[in-house]
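Report on the following structure.
Start at 1 with the first residue, then count along the sequence. Quantities reported herein were computed from a predicted structural model and do not represent experimental measurements.
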Amino acid sequence: MLYVSLIVALIVAILITPLVKRLAFRIGAVDAPNYRKVHSRIMPRLGGLAIFIAFIVGLAILRPVPDVPEGVNPFLIPLSIVLGATVIVITGIIDDMREISAKAKMLGQLVAGCIIVFVGGIQIEVINLPFGGSLDFGFLSIPFTILWIVGITNAINLIDGLDGLAAGVSTIALITLACMALIMGNVFVLATAAILACSTLGFLFYNFHPAKIFMGDTGALFLGFMIAVLSLLGFKGFTIVSFIIPVIMLGVPISDTFFAIVRRIRNGQKWSDPDKSHLHHRLIDMGFSHRNSVLIIYGIAALFGIAAIIFSMAKIWGAILLVTVLLVAIELFVEVIGLAGKNYRPLINLVRIFNK
């Protein structure tokens with residue numbers, strides 16, 4: 001039945017995206033070019049609605065049910081996901097039409113996060129530490145969980161700058177999530193992530209360069225929200241090492257977001273101010289074509305996904321070594337391409353000092 005759901009989600013996305021494109025033009029959900037954009041003509045940007053509809057259709061066919069403790073209603077989790085996702089999609093549609101304020105978008109994300117926590121009962125309460133003991137979040141459990149959801153939701157949104165970029169990176173993250181869920185025996189996360197990945201792939205037929213439609217905030221917020229929630233479902237209750245897995249898996253959007261904040265603080269800007277120095281912008285500035293820049297980031301995202309899978313099977317010291325290597329590699333890459341600013345090169349300067 002899973003295969004049927006996957007095929008249907010893929011086909012629905014392919015068939016419905018052209019209809020959503022027409023709808024976007026009709027309701028004014030379009031993206032006009034400006035100094036920060038790489039496109040030069042008005043583009044429809046409601047594509048995330050097609051992903052959402054295809055996902056809901058695939059989910060309705062399979063109707064996966066999560067494993068929950070006895071006495072807990074197993075349908076509350078899928079219900080909270082659908083309700084929360086609906087709030088996110090409505091927020092995205094309004095923004096794609098009207099370009100609402102950051103505070104208004106944040107409100108929609110907070111409402112969706114609260115639905116996940118209070119309706120679905122999904123939250124990080126305790127993380128077991130690798131050398132014994134545990135970290136109990138206590139009353140911070142709810143805000144920490146909502147912060148995770150909002151943070152990952154916006155991280156995906158920030159990398160949505162080139163044709164097919166956010167959709168492709170999200171698909172890679174979802175495939176990684178599905179693989180991790182398979183390893184851990186989490187059938188619900190496996191099925192849900194796989195259905196969403198197929199829905200996004202169907203949309204990519206129209207979104208890869210040269211794009212015929214953008215996913216807009218409707219898609220970027222929806223995909224970020226779903227990845228955040230599925231990560232919580234897939235890894236809660238494990239050790240802190242297991243909890244690091246989704247962070248590695250989402251290395252591209254998280255790194256890009258983190259260094260964007262560093263860059264803006266160093267430049268005396270607000271952390272939320274938009275700029276044209278994200279990862280995809282830097283690659284294009286270095287001379288890579290639009291398509292090649294996207295493919296390079298796909299490759300980086302796939303490497304992070306593979307690293308996450310290896311990390312999950314490594315012993316504690318192997319996991320620590322892998323994280324150390326990843327952090328050093330990320331820092332070097334960031335300094336070389338100037339992601340945190342052209343004069344930001346602490347590690348390279350340190351190496352030069354030792355070589356003198």
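Counting only residues at least two apart or in different chains, ring pair (Phe, Tyr, Trp, His ring centres under 6.0 Å) contacts with residues 43-67 comprise Phe52-Phe222, Phe55-Phe222. Legend: side-chain hydrogen bond (donor to acceptor under 3.5 Å, both in side chains) pairs involving residues 187-200, not counting sequence neighbours: none detected. The salt bridge (Lys or Arg N to Asp or Glu O under 4.0 Å) contacts involving residues 51-63 comprise nothing, where partners must be two or more places apart or lie in separate chains. Every pair passing side-chain hydrogen bond (donor to acceptor under 3.5 Å, both in side chains) that includes a residue from residues 214-229 is listed here, sequence neighbours excluded: Asp96-Thr218, Lys105-Asp217.
The OG atom of Ser289 sits 7.0 Å away from the NE2 atom of His209 when rounded to the nearest 0.5 Å. For the atom pair CD (Gln123) and CH2 (Trp148), the distance works out to 15.5 Å, reported to the nearest 0.5 Å. Between the CD1 atom of Ile195 and the CG atom of Leu62 there is a distance of 5.0 Å, given to the nearest 0.5 Å. Residue Leu322 holds its CG atom at 8.5 Å from OG1 of Thr324, rounded to the nearest 0.5 Å. Between the CD1 atom of Ile122 and the CG atom of Leu230 there is a distance of 8.5 Å, given to the nearest 0.5 Å. A distance of 15.0 Å separates CD1 of Ile27 from CZ of Arg22, quoted to the nearest 0.5 Å.
Other residues sharing the hydrophobic cluster of Tyr3, ordered by chain and number and joined by side-chain separations under 4.5 Å: none, the residue standing alone. Under a 4.5 Å side-chain heavy-atom criterion applied to ILVMFWY residues, the cluster that includes Ile11 comprises Ile7, Leu15 as well. Alongside Leu147, the hydrophobic cluster contains no other residue (criterion: ILVMFWY side chains under 4.5 Å). Grouping Ile, Leu, Val, Met, Phe, Trp and Tyr by side-chain contacts under 4.5 Å, direct or through others, puts Leu321 with Val325.
Side-chain atoms of Phe304 and Leu326, non-hydrogen and from C-beta on, do get closer than 4.5 Å to each other. Counting only heavy atoms from C-beta outward, the side chains of Phe188 and Pro78 approach each other to under 4.5 Å. A heavy-atom distance below 4.5 Å is not found between the side chains of Val89 and Phe225. Counting only heavy atoms from C-beta outward, the side chains of Phe205 and Thr17 never approach each other to under 4.5 Å. Looking only at side-chain heavy atoms (C-beta outward), Leu59 and Ile81 stay at 4.5 Å or farther from each other. Looking only at side-chain heavy atoms (C-beta outward), Tyr298 and Leu295 come within less than 4.5 Å of each other. Contact of the Leu223 side chain with the Leu196 side chain is registered, since non-hydrogen atoms from C-beta on lie closer than 4.5 Å.
Residues meeting the side chain to side chain donor-acceptor pair (under 3.5 Å) test with Glu335, sequence neighbours left out: none. The side chain to side chain contact (heavy atoms under 4.5 Å, CB included) test applied to Leu107 returns Val111, not counting sequence neighbours. Leu190 is linked by a side chain to side chain contact (heavy atoms under 4.5 Å, CB included) to Ala178, Ala181, Leu182, counting only residues two or more places apart in sequence or in another chain. For Asn154, the side chain to side chain contact (heavy atoms under 4.5 Å, CB included) criterion is met by Met106, Gln109, Val150, not counting sequence neighbours.
Between the side chain of Asp163 and the backbone N or O of Phe208, no donor-acceptor pair lies under 3.5 Å.
Counting heavy-atom neighbours within 6.0 Å of Phe288 CZ, excluding the residue itself, gives a total of 12 or less.
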